[in-house]
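All residue numbers in this chain count up from 1 along the given sequence. Every value quoted in this text rests on a predicted model; they were computed, and no experiment measured them.
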Amino acid sequence: MKSYKDLEVYVLAFQYAVEVHELTLKLPKYELYEQGSQLRRSSKSIKDNIVEGYGRRSYKQDFIKFLVYAHASLLECRSQLEMIELLYELEVKGLISKYDTLGAKLYSFKNYVEQHWKV
């Protein structure tokens, strides 16, 4: 792999962050800078932590640490989506499902790095 852009978890995280950004624009105006901002930050944090970890891939434990951070941001994002679904009745089930799949892939990738990553 030549770049973090070759990582499936990054590609999906980036794609989903764009979807989340578009979704938050449908929130009531008063929520664009509250709930919407928090959701946008958590979704973008997933991809950013994957990138930062990849940038530190020469240090295996740092790479793993940032993959853990990415997974934590994913859980935060998922929680925010559930709140938006409840409060504003926006359709987010498909996006939640995508994040569940990404979470599993991210967890598997972290395990791969732990067991097989060569520095």
Evaluation steps, side-chain contact (heavy atoms from CB on, under 4.5 Å), between Tyr99 and Ile46: CA-CA 10 Å; Tyr99 274 112; Ile46 301 165; 3.5 Å; yes
All salt bridge (charged side-chain N to carboxylate O under 4.0 Å, His left out) counterparts of Arg40, not counting sequence neighbours: none
Residues that Val11 engages under side chain to side chain contact (heavy atoms under 4.5 Å, CB included), provided they are two or more places apart: none
Leu95 reachable from Leu25 in the ILVMFWY side-chain graph, under 4.5 Å edges: no
For residues 65-72, which side-chain N or O atoms pair as donor and acceptor with protein atoms under 3.5 Å away, sequence neighbours left out?
none

Could you go through residues 74-81 and list every donor-acceptor pair under 3.5 Å that involves a side-chain atom there, pairing it with any protein atom two or more places apart or in another chain?
from: Glu76; atom 1: OE2; to: Gln38; atom 2: NE2; distance (Å): 2.4
from: Arg78; atom 1: NE; to: Asp100; atom 2: OD1; distance (Å): 2.5
from: Arg78; atom 1: NH1; to: Glu82; atom 2: OE2; distance (Å): 2.2
from: Arg78; atom 1: NH2; to: Asp100; atom 2: OD2; distance (Å): 3.2
from: Gln80; atom 1: OE1; to: Gln35; atom 2: NE2; distance (Å): 2.3

For the student: nearest non-hydrogen atoms of Leu102 and Ala13, plus distance: CD2-CA, 3.9 Å
Tyr112: partners by ring pair (Phe, Tyr, Trp, His ring centres under 6.0 Å), with sequence neighbours left out: His116
Check: Arg41/Ser45 side-chain N/O donor and acceptor closer than 3.5 Å: no
Side chain to side chain, Val9 and Tyr107, heavy atoms closer than 4.5 Å: no
For the student: nearest non-hydrogen atoms of Arg57 and Trp117, plus distance: O-NE1, 3.2 Å
Straight-line distance of Ile50 CD1 to Phe14 CZ, nearest 0.5 Å: 12.0 Å
Working for side-chain contact (heavy atoms from CB on, under 4.5 Å), residues Lys60 and Lys118: CA-CA 8 Å; Lys60 183 176 179 176; Lys118 305 249 189 297; over 6 Å; no
Distance (rounded to the nearest 0.5 Å) between Ser43 OG and Gln15 CD: 12.5 Å
Heavy-atom closest contact (Leu32 atom, Thr24 atom, distance): CD2-O, 3.1 Å
Spacing of Lys47 atom NZ and Tyr4 atom OH [to the nearest 0.5 Å]: 8.0 Å
Contacts of type side chain to side chain contact (heavy atoms under 4.5 Å, CB included), residue Gln61, not counting sequence neighbours: Ile64
For Arg56, all residues meeting salt bridge (charged side-chain N to carboxylate O under 4.0 Å, His left out), sequence neighbours excluded: Glu52, Asp62
Pairwise salt bridge (charged side-chain N to carboxylate O under 4.0 Å, His left out) hits with a residue in residues 88-97, at least two apart: Glu85-Lys93
Beyond-backbone contact of Tyr59 with Phe63, side-chain heavy atoms, under 4.5 angstrom: no
Partners meeting salt bridge (charged side-chain N to carboxylate O under 4.0 Å, His left out) with Glu34 (sequence neighbours left out): none
Partner residues of Lys5 under the salt bridge (charged side-chain N to carboxylate O under 4.0 Å, His left out) criterion, sequence neighbours left out: none
Qualifying salt bridge (charged side-chain N to carboxylate O under 4.0 Å, His left out) pairs with a residue from residues 10-21, counting only residues at least two apart or across chains: Glu19-Lys98
Heavy-atom closest contact (Tyr54 atom, Ser3 atom, distance): OH-N, 3.5 Å
Residues in side chain to side chain contact (heavy atoms under 4.5 Å, CB included) contact with Leu90, at least two apart in sequence or another chain: Leu23, Lys26, Leu27, Ile84, Tyr88, Val92
